[in-house]
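Written out below as structure tokens is the structure these notes cover.
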Protein chains: 2
Amino acid sequence: MFFLKDLPSRRMVTGYADRFEGVDPAKVSDALALMRAASVLIRDLESYFAAHGLSQLRFLTLIVIDREPERTSLSVHEIADRLDVSRPVLTRTLQTLHKAGLVTMNANEDDARSKEVSLTKAGSDRLEQVLPGYFAILDRAMSGDGNDLN
Amino acid sequence: MFFLKDLPSRRMVTGYADRFEGVDPAKVSDALALMRAASVLIRDLESYFAAHGLSQLRFLTLIVIDREPERTSLSVHEIADRLDVSRPVLTRTLQTLHKAGLVTMNANEDDARSKEVSLTKAGSDRLEQVLPGYFAILDRAMSGDGNDLN
DNA sequence: CCGATATAGTTACCATGATAACAAAAGGAC
DNA sequence: GTCCTTTTGTTATCATGGTAACTATATCGG
């Protein structure tokens, strides 16, 4: 996360960047604005998800299983292939979702190491419940509410 | 942080978003790309800072003290005014910086509740050491290396 | 001056990210 | 078949984000 409330002015960035060769102050300013806008948005989303018993990662885990065509379950490593988090974090996230009754975890008949993760009805329902607000927050974030990315 | 490796196609976003009124699929796609690009960049930066005994927040803390004109110290609450983190996190961050010898913390003569934080020589030196690479990473991130924001 | 309130900073505790090291099963060389 | 490596998932531990509740000091109304 990027926590600087007031980004440095273009002039200040230029002052710093001129000391280093090959650095374009405009790009630096853009990168700072990008990180700031995303950090604020991510925080908004986390807060929204928390109000619905989820987190960004728990939500994405549900989405990744739900959106898979022709499949009703994914193995843990298939979920890991789609999400850029460490395995231990995924293990814990799935345990949390399982305790909350949003996914089931069953043994894979062909591979005793592997586990198949499926959404429960409660899992699908939670996803449906959360999606409208999720899209609304994303839409609003890109609708010129002062993130300086427009 | 936003962990989805492969963002949904515009078509898939449209499929979801069409079910909700007033949601512009293009904006949703932009928001997802924004979060993904920033998450990758922030991770790069954290890794860079870690290699120099810092973190993004410790770095920003040093920067806000350093860039203050006409001042050689800031109180903890002035730092908090500039950084969007909770007070306890700032307390711990300053303790870490203090243990590492990068800042000093002195009593304020006029207000016994307050503490004045200053950079040490080691703190300024660390900042100087880290800045070129920092700008280089930001510049490169905005130079069309596949973040789909161009 | 004194009690109530506000401000500055900390401590305690929890959630969620990471890496390292592990157990168990599968797969491959021979 | 047996050994070695790879794959799958977990546990243990740490770093860093958060909120709630606390202490201590300052400030303000009377």
Side-chain angles (χ1 to χ4, degrees), chain A residues 1-4 35 38-40 42-61 73-100 103 105-117, chain B residues 1-4 35 38-40 42-61 73-100 103 105-117:
Chain A
M1 300 290 288
F2 183 81
F3 297 111
L4 199 58
M35 288 195 289
S39 293
V40 170
I42 287 170
R43 230 186 226 173
D44 279 359
L45 286 173
E46 288 294 3
S47 156
Y48 171 72
F49 285 129
H52 293 268
L54 290 177
S55 67
Q56 178 113 234
L57 179 55
R58 292 203 288 277
F59 168 77
L60 289 177
T61 303
S73 73
L74 286 180
S75 66
V76 174
H77 89 267
E78 286 173 323
I79 298 172
D81 286 343
R82 291 159 175 74
L83 297 179
D84 194 14
V85 288
S86 63
R87 290 300 187 86
V89 169
L90 185 53
T91 292
R92 194 178 48 202
T93 300
L94 289 171
Q95 287 167 346
T96 303
L97 287 170
H98 188 219
K99 277 181 209 152
V103 301
M105 303 189 67
N106 296 301
N108 179 320
E109 296 180 351
D110 298 331
D111 187 335
R113 295 168 306 181
S114 186
K115 293 180 178 178
E116 291 295 315
V117 186
Chain B
M1 299 290 287
F2 183 79
F3 296 112
L4 200 59
M35 287 194 290
S39 292
V40 169
I42 287 169
R43 230 186 227 174
D44 278 359
L45 286 173
E46 288 294 2
S47 155
Y48 172 72
F49 285 131
H52 292 268
L54 290 176
S55 67
Q56 179 113 233
L57 179 55
R58 293 203 287 278
F59 168 76
L60 289 176
T61 304
S73 73
L74 286 181
S75 67
V76 174
H77 88 267
E78 286 173 323
I79 298 172
D81 287 344
R82 292 159 175 73
L83 297 179
D84 194 14
V85 288
S86 63
R87 291 299 188 86
V89 169
L90 185 53
T91 292
R92 193 180 47 201
T93 299
L94 289 171
Q95 287 167 345
T96 303
L97 286 171
H98 188 218
K99 277 180 208 152
V103 301
M105 303 189 66
N106 296 301
N108 179 320
E109 295 180 353
D110 298 332
D111 186 338
R113 297 169 304 180
S114 185
K115 294 181 176 178
E116 291 294 317
V117 185

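These numbers come from the heavy atoms of this one structure, side chains and all, not from hydrogens, waters or symmetry mates. Chain A is the first sequence line, chain B the second, and so forth, proteins listed ahead of strands; every chain is numbered from 1.
Proximity note for B:Thr91 (side chain, C-beta onward) versus D:dA26, C:dT11, D:dG9: the nearest is C:dT11. Relative to the side chain of B:Val89, the nucleotides D:dG18, D:dT11, C:dA8 differ in distance, and D:dG18 lies closest.
Scanning atom types as modelled, one donor and one acceptor separated by under 3.5 angstrom connect the side chain of A:Arg92 and the base of C:dG17. One donor-acceptor pair, N or O on each side, does fall under 3.5 Å between the base of D:dT25 and the side chain of B:Arg113.
Atom CG of B:Leu57 and atom CD of B:Glu46 lie 8.5 Å apart (nearest 0.5 Å). Between B:Asp84 atom CG and A:Leu4 atom CG the span is 9.5 Å, to the nearest 0.5 Å. Between the CD atom of A:Glu109 and the OG atom of A:Ser114 there is a distance of 12.0 Å, given to the nearest 0.5 Å.
Among the protein residues, B:Gln95 comes within range of the sugar-phosphate backbone only, with heavy atoms under 4.0 Å from sugar or phosphate atoms but none that close to a base. Among the protein residues, A:Leu90 comes within range of no part of the nucleic acid, since none of its heavy atoms lies under 4.0 Å from any strand. Nucleic acid contact for B:Ser86: base, since at least one base atom lies under 4.0 Å from a heavy atom of the residue.
Ranked by how close their nearest DNA chain D nucleotide is to the 5' end, A:Met105 and A:Arg43 are led by A:Met105. Of the residues near DNA chain D, A:Asp111 and A:Met1, the one whose nearest nucleotide (by heavy atom distance) lies more toward the 5' end is A:Asp111.
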